[in-house]
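Below is one structure, written out as structure tokens, with a few remarks after it.
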Protein chains: 2
Amino acid sequence: MKSDLDRLMAERNIDALIIPGNEEANPYRDYLANGVHASATVIKKRGSDPVLIANGMELDEAAKSGLKVHNMTDFGMAEILQKYRSDQQAVSREFWRNILTTLGIKGRVAFYGTGDVMKTWKMLKRFERDYPDLIEIIEDDDTTIFHRARRSKDAAEIAKLRDAGQRSSKVMTETREWLAGHKAKNNVIYKADGTALTIGDVKHFVRLKLMEYGLEDAEGMIFAQGRDAGLPHSRGEEDQPLELGKSIVFDLFPRPIGGGYYHDMTRTWSLGYATPEVEEAHRLVMYAFTQSLESLTVGQRTRDLQELVCDIFEEHGHPTPKTKPGGSEGYTHSLGHGLGLDVHESPSIGNYSPDDSVFQTGDVITIEPGLYYPEKGWGIRIEDSVYLDESGTAHNLTDTTYELVIPIQNQN
Amino acid sequence: MKSDLDRLMAERNIDALIIPGNEEANPYRDYLANGVHASATVIKKRGSDPVLIANGMELDEAAKSGLKVHNMTDFGMAEILQKYRSDQQAVSREFWRNILTTLGIKGRVAFYGTGDVMKTWKMLKRFERDYPDLIEIIEDDDTTIFHRARRSKDAAEIAKLRDAGQRSSKVMTETREWLAGHKAKNNVIYKADGTALTIGDVKHFVRLKLMEYGLEDAEGMIFAQGRDAGLPHSRGEEDQPLELGKSIVFDLFPRPIGGGYYHDMTRTWSLGYATPEVEEAHRLVMYAFTQSLESLTVGQRTRDLQELVCDIFEEHGHPTPKTKPGGSEGYTHSLGHGLGLDVHESPSIGNYSPDDSVFQTGDVITIEPGLYYPEKGWGIRIEDSVYLDESGTAHNLTDTTYELVIPIQNQN
């Protein structure tokens with residue numbers, strides 16, 4: 001939780017953290033500055049509230065964070081620009097020295113955020129060269145203090161995640177109902193105008209539905225049919241018509257329009273009927289899914305849950321990363337991941353998750369076993385997002401049917 | 001242009017460039033790997049085509065780039081994972097050594113892309129520590145080789161930018177027409193159901209229109225009224241009803257759904273009527289706008305165009321960054337910026353743009369003068385995106401009326 005940050009900074013001996021300002025979406029800034037849409041720099045000294053630094057144009061927007069906001073002119077930006085004009089390095093060097101000394105930033109400093117790789121590298125190398133008298137730039141653990149803080153969701157965050165889950169589930173349910181209202185001819189699904197219903201049409205419908213519920217498809221949903229369903233990261237081919245009897249993996253991970261907490265869910269559908277092979281595999285995936293949900297406990301190693309699922313699949317003759325890492329048939333990925341302001345957060349639930357990666361109170365995670373046989377022309381994945389409360393009970397945030405087959409009428 | 005990259009790498013003495021793979025949208029990868037949606041690492045040696053490295057799940061998607069794709073197992077990933085298991089640092093160290101030696105990457109290497117700040121810092125510091133025998137990590141200029149290559153658009157890119165401009169302009173035009181179809185009562189605009197039309201309603205309409213034209217509002221449009229219109233980066237308040245006689249800044253910068261080339265345009269509207277003050281200021285902004293478009297020439301310093309606009313505004317008594325940098329009244333920002341796979345690209349057109357920043361053939365830029373008086377309750381901005389062709393002629397990619405007032409009928 002956000003309130004853990006000071007303790008986590010103390011544990012890692014971090015005196016201050018800096019989130020450099022930029023225009024891009026930045027979940028770190030969203031987290032510390034309460035979702036404000038300003039390209040402000042955020043600085044937090046250990047034991048103090050974060051402060052924002054913004055230019056004149058951004059002050060009002062930045063103030064919505066409820067945090068103290070400094071104008072860049074507070075650190076002499078106007079004078080520095082007049083002095084060095086287009087020598088951007090000199091401008092930046094003096095401006096940042098003013099910030100560090102005025103705000104009393106010294107010691108071990110960590111930089112977070114998202115941004116341009118080359119810009120990050122150059123900026124931090126310059127900080128190393130320009131302010132050795134003031135600060136040392138530290139490397140946080142792979143599981144950073146933000147990973148740790150953001151991992152454990154507080155009540156306000158759970159309310160938002162629950163809301164995103166309810167709205168996303170409605171979109172999934174209504175998409176299923178809408179598909180069921182179509183008819184088939186010669187194994188292909190048709191629209192009212194007599195042309196084939198394509199994956200592009202479905203995605204268009206889903207985006208409209210999302211918008212109706214105040215959500216957006218910021219990361220690009222997966223709606224993949226047949227062989228593509230067997231490729232876990234294929235997003236599906238826009239022009240492909242929907243056909244009867246093919247497995248369709250529909251992985252939806254929207255967020256509120258403009259940013260916020262994501263939901264993540266997957267269903268596998270087969271229109272009209274399912275082949276016996278897909279039906280059997282779907283049952284097995286559902287079994288692995290329910291087994292892992294039932295086994296999920298606070299204190300359990302995340303790796304153990306992945307291994308449980310691997311064991312189930314291997315017992316039924318499917319290769320998994322437990323014995324065949326990097327394979328592209330059978331069960332080929334991790335069981336899940338944390339969910340929040342990013343689609344993928346801590347913890348990871350894979351075969352190589354570290355020993356000390358255990359499920360905790362406040363975790364919101366996805367559970368998403370699957371089976372993939374691209375060469376056989378099918379793939380299956382089932383995914384819900386769940387929340388582990390203080391008592392260790394898992395609450396499902398996803399609420400829509402797991403049914404494989406969507407009945408489709410034939411056109412005469 | 002992309003074909004300039006080898007020359008630009010030679011000029012900067014860069015032997016290879018690496019775009020680390022991650023899940024996030026990455027315009028660098030989009031550019032080199034032809035818009036492919038795979039979380040692949042892209043590596044380009046000078047003089048060779050880029051190659052992709054992806055895991056098993058991503059191979060098919062990565063192959064759509066038309067580039068050579070390596071499976072991570074080609075570099076021993078499976079064996080390395082078995083050997084080091086959860087020691088992720090050791091896994092990464094050996095994996096990357098295999099990549100560097102197998103592909104013959106050595107010498108001066110530059111890293112690009114977008115990603116997590118702490119991850120970038122740690123990864124590049126580790127490269128420095130782990131492979132001093134092989135590579136040196138260089139700092140590119142502030143205007144990187146990608147800035148330079150991406151700045152100059154080729155015919156295929158211009159076609160995409162033109163298309164985005166046409167579609168965006170239609171959305172703007174149709175939004176204007178839709179607003180004109182509303183009625184006012186007591187100075188407030190009403191919907192058919194008798195409730196007030198809010199900025200949230202307008203944004204919803206615009207998002208639906210964008211979707212109809214295959215576009216998405218990935219960065220969050222500005223539709224700001226009254227005082228908010230005077231704050232160039234305010235996005236507008238969702239719950240605020242639209243009122244007669246207030247200036248509205250509508251800044252729209254969509255891209256094709258799922259990613260691609262952006263468009264960027266702004267209009268200022270006043271519903272029903274405009275106050276004389278806003279009308280006069282709008283005329284002046286239009287004058288500055290047309291003057292800068294007429295003056296725009298290949299070879300001209302970008303700073304000179306900004307100064308021309310500053311001079312126009314200052315002659316009419318408005319403060320500008322030329323004499324008062326960092327101010328929040330009058331003209332308070334840069335005249336424009338490059339446009340492409342990012343909303344903001346090279347060149348910048350500001351008072352502190354360097355001497356050697358001059359307009360070039362192939363530039364696609366925005367021209368967006370404005371005047372802002374938040375305390376007086378208004379702001380104005382006009383923006384089109386234009387393209388400079390081989391002959392130095394500027395082509396406007398935006399096509400919608402500049403008219404300030406949208407006539408609104410009063411309800412009886």
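The shown structure was predicted, so the numbers you read here are calculated from the model rather than taken from an experiment.
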[X] versus chain A, heavy atoms under 4.5 Å apart: side chain, backbone, both or neither?
X	result
E329(B)	neither
Q88(B)	side chain
T73(B)	side chain
M72(B)	neither
E237(B)	side chain
S92(B)	neither
S353(B)	backbone
D140(B)	both
K64(B)	side chain
S234(B)	both

Taking all non-hydrogen atoms of both residues, which atom of M118(B) and which atom of E139(A) are closest, and how far apart? SD-CA, 4.2 Å

Per-residue contact mode, [X] against chain B (heavy atom under 4.5 angstrom):
X	value
T332(A)	both
Y28(A)	side chain
I19(A)	neither
S348(A)	neither

Out of W121(A), F127(A), F111(A), which residue meets the ring-ring contact (aromatic ring centres under 6.0 Å, His included) rule with W121(B)?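 That would be W121(A).
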
Any donor-acceptor N or O pair under 3.5 Å, side chains D87(B), Y352(A):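 Judged by distance alone, the side chains do not pair up.
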
Partner of T120(B) by side chain to side chain contact (heavy atoms under 4.5 Å, CB included), out of D116(A), V117(A), T114(A), L124(A):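 It is V117(A), the one option of D116(A), V117(A), T114(A), L124(A) that forms the side chain to side chain contact (heavy atoms under 4.5 Å, CB included) with T120(B).
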
Kindly compute the distance separating CD (E216(A)) from CG (D217(B)), expressed to the nearest 0.5 Å.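 So the gap between those two atoms works out to 7.5 Å.
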
